2 protein chains.
Amino acid sequence: MAAPLLKLAATNDGDADGRFSPRTIPEQLAEELGADIVAGRRKAGERLIELDLAQNFGVSRGPVREALRILERRRMVDLLPRRGAYVRPLSLKSIADLFNVRLALSLLAARTMATSPVESYVETLARRCAELNEMVETGDPIAFARVTTRAVRTIAHGSDNELLLELSIDLANQTVWETIWKTPLDYLTLGVRREAADLMTETLEAIRRRDPETAVRSLRVLLENDRDRALAVLTDLRKEAGDLSAISSG
Amino acid sequence: MAAPLLKLAATNDGDADGRFSPRTIPEQLAEELGADIVAGRRKAGERLIELDLAQNFGVSRGPVREALRILERRRMVDLLPRRGAYVRPLSLKSIADLFNVRLALSLLAARTMATSPVESYVETLARRCAELNEMVETGDPIAFARVTTRAVRTIAHGSDNELLLELSIDLANQTVWETIWKTPLDYLTLGVRREAADLMTETLEAIRRRDPETAVRSLRVLLENDRDRALAVLTDLRKEAGDLSAISSG
DNA sequence: AATTTGTCAATTGTTGACAATTGACAAGAG
DNA sequence: CTCTTGTCAATTGTCAACAATTGACAAATT
């Protein structure tokens with residue numbers, strides 16, 4: 001998925017879960033801290049001291065503690081009992097792992113969708129697909145990437161699998177993705193966009209004719225291409241710049 | 001509501017295995033509460049009131065709060081801001097979803113293992129496989145099921161994907177499994193065991209000759225069979241008994 | 001010199017009190 | 001009678017103080 005930006009603040013957007021939860025302080029703290037980690041203002045492996053954070057944010061340690069648990073849940077920090085919280089290192093390898101898990105989940109979703117499709121989601125996917133095809137020529141890589149992400153998310157919804165959806169969102173919300181979002185999308189050339197749009201269309205059609213194997217095969221190629229290109233870009237980035245971000249060599 | 005008090009002093013001991021777990025109070029609370037939920041002593045949808053829990057366990061609300069966050073992470077409770085914690089309902093559908101997600105992850109693991117195998121895990125898997133073949137005849141369903149689970153876990157390890165492994169363990173640790181574990185395993189007849197052992201062997205051999213497609217196909221059949229049989233048993237159970245457990249009709 | 005033991009500051013774990021929010025119920029308005 | 005509004009108890013959110021543990025460094029021991 002070359003592109004999933006799903007900013008935390010932007011969860012009201014699109015076909016997101018209709019329920020809106022009141023922003024609690026711990027959640028806001030988690031968001032702030034998470035952003036800091038993403039931006040490299042907190043380095044990988046760095047220890048996070050509760051009192052410092054509390055003073056920085058102008059709250060007491062209680063909410064900070066809860067925020068740290070939230071970040072642990074999002075796999076952004078390691079929480080060692082009695083030993084404190086540490087910014088979780090984010091190696092290229094672990095980013096690849098993340099891609100692969102998301103890929104597996106997406107493929108399961110596609111398979112389910114092609115086996116017992118829910119009409120409304122198929123329609124939504126068709127719309128995204130149409131958008132995608134239109135955007136092949138217009139040439140805005142960012143918009144194209146965003147729609148691709150949405151299409152994949154639609155497929156996750158279409159799985160009719162609550163857990164799968166939850167996990168997908170969880171993983172998508174992770175640090176990594178915002179980091180990846182900042183990478184140049186130059187690799188989304190016209191040819192690449194053409195191919196991606198074709199593959200997504202093929203997936204859609206396979207779903208429509210209830211052909212799981214084809215649906216899975218097409219989507220797999222699409223997502224694997226995307227994964228490989230994104231990883232290549234990230235690898236290059238790491239070579240060029242000194243490793244200031246949360247992405248370590250690992 | 002009548003939960004036994006924790007024995008605080010006895011918990012800091014090392015484990016007999018040499019690996020000692022730094023059992024914090026919140027973790028213990030989470031474990032207790034989780035067990036209560038599994039056993040149906042806390043019904044699905046029931047509200048969990050912090051003060052009650054704190055008094056029952058003989059601690060203050062702070063640790064209880066953290067325990068609730070832990071259980072949220074394990075998907076055992078829903079945590080609604082300002083509205084309290086609720087025991088998460090566990091429908092048959094959600095159990096099926098869980099099976100499917102685990103299945104998808106296992107298949108990814110098998111694929112990876114067959115693409116770039118790590119010798120040590122292949123060996124371990126071979127041992128499990130041998131065990132399995134021996135146990136076809138001996139006829140202890142529980143032991144057979146356990147070894148099957150281990151074999152699948154070995155494959156998860158063999159994926160060389162930290163995230164996948166973590167998720168697998170997470171999901172495996174869930175309520176559901178302990179519940180499922182209690183179901184009668186009569187369906188593991190000799191024929192079924194024979195088939196399962198064969199499929200696992202086929203998977204192993206495919207991994208050895210680096211044939212991902214076959215490995216995935218075999219394991220898929222194995223796991224799908226298992227899923228369907230387990231779900232059938234659970235469905236029957238629900239029909240027979242009044243729904244006292246955490247498993248709701250959903 | 002290397003290892004063990006003792007001490008101490010820094011930090012995390014826990015607590016009880018206080019503030020803020022919610023949901024329910026009753027009183028009043030339309 | 002139905003709908004709004006006000007009040008109140010129950011419950012969660014937050015805080016600041018206190019207790020317990022850790023890691024580091026120094027002193028003592030072998």
Side-chain angles (χ1 to χ4, degrees), chain A residues 8 18-34 36-37 42-43 45-73 76-88, chain B residues 1 3-15 19-34 36-37 42-43 45-73 76-88:
Chain A
L8 288 171
R19 64 184 181 199
F20 40 106
S21 44
R23 224 111 232 280
T24 65
I25 289 181
E27 269 177 74
Q28 287 177 291
L29 295 180
E31 187 177 336
E32 284 264 348
L33 247 182
D36 283 351
I37 293 173
R42 305 283 187 177
K43 288 176 194 162
E46 177 182 340
R47 182 168 181 185
L48 300 172
I49 292 166
E50 295 177 0
L51 190 57
D52 290 348
L53 296 174
Q55 288 171 343
N56 259 326
F57 288 119
V59 296
S60 79
R61 281 174 50 224
V64 170
R65 256 155 170 281
E66 309 215 357
L68 289 175
R69 288 246 183 237
I70 292 175
L71 289 175
E72 184 201 25
R73 182 186 141 92
M76 287 169 135
V77 307
D78 284 325
L79 228 49
L80 309 184
R82 295 239 168 239
R83 294 188 179 184
Y86 295 82
V87 175
R88 194 161 188 173
Chain B
M1 292 267 272
L5 269 140
L6 292 177
K7 303 132 199 168
L8 298 174
T11 53
N12 277 342
D13 283 337
D15 216 39
R19 186 193 74 156
F20 91 86
S21 43
R23 280 272 167 90
T24 64
I25 290 180
E27 271 177 75
Q28 286 177 284
L29 295 180
E31 190 174 331
E32 284 267 346
L33 247 182
D36 284 350
I37 292 173
R42 304 285 187 175
K43 286 174 196 161
E46 176 183 341
R47 182 167 182 186
L48 301 171
I49 291 166
E50 296 178 359
L51 190 58
D52 288 349
L53 296 174
Q55 288 172 343
N56 276 329
F57 287 120
V59 296
S60 79
R61 279 175 51 226
V64 170
R65 253 155 173 280
E66 310 215 359
L68 289 175
R69 287 243 182 241
I70 291 174
L71 289 175
E72 185 201 23
R73 183 185 142 90
M76 287 168 137
V77 307
D78 284 326
L79 228 48
L80 308 185
R82 294 240 167 238
R83 295 187 178 185
Y86 295 82
V87 175
R88 194 161 191 174

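Throughout, a chain's letter reflects where its sequence line sits, starting with A, and its residues are numbered from 1. The structure displayed is predicted, hence computed values, not measured ones.
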side-chain contact (heavy atoms from CB on, under 4.5 Å) between R88(A) and V77(A): does it pass, once the steps are laid out? CA-CA 5 Å; R88(A) 194 161 188 173; V77(A) 307; 5.5 Å; no
Under 4.0 Å, heavy atom to any atom of DNA chain C: which of residues 45-63 of chain A qualify? R47(A), L48(A), I49(A), E50(A), R61(A)
side-chain hydrogen bond (donor to acceptor under 3.5 Å, both in side chains) with E31(B): which residues, sequence neighbours excluded? R23(B)
Non-neighbouring partners of E72(B) that pass side-chain hydrogen bond (donor to acceptor under 3.5 Å, both in side chains), sequence neighbours left out: none
Rounded interatomic separation in angstrom, taking CG from L80(A) and P from dT21(D): 18 Å
Which is true for R83(A) with a 4.0 Å heavy-atom rule: it touches a base, it touches only sugar-phosphate, or it touches nothing? sugar-phosphate
Report the residues that fulfil side chain to side chain contact (heavy atoms under 4.5 Å, CB included) with R47(A), sequence neighbours left out, ordered by chain and then residue number. I49(A), Y86(A)
With sequence neighbours left out, write down each residue that passes side chain to side chain contact (heavy atoms under 4.5 Å, CB included) with A30(B), or none if nothing qualifies. A67(B), I70(B), L71(B), R74(B)
Taking OP1 and OP2 of dT11(C), is either one under 4.0 Å from a side-chain nitrogen or oxygen of R82(A)? no
Determine all donor-acceptor pairs shorter than 3.5 Å in which one atom belongs to a side chain in residues 52-63 of chain A; sequence neighbours excluded.
{"unit_1": "R61(A)", "atom_1": "NE", "unit_2": "E50(A)", "atom_2": "OE1", "d": "3.1"}
{"unit_1": "R61(A)", "atom_1": "NH2", "unit_2": "E50(A)", "atom_2": "OE1", "d": "3.0"}

Just how far, in rounded Å, is C1' of dT14(C) from CD of E66(A)? 14 Å
Integer-rounded Å distance: dT12(D) P and R65(B) CZ: 8 Å
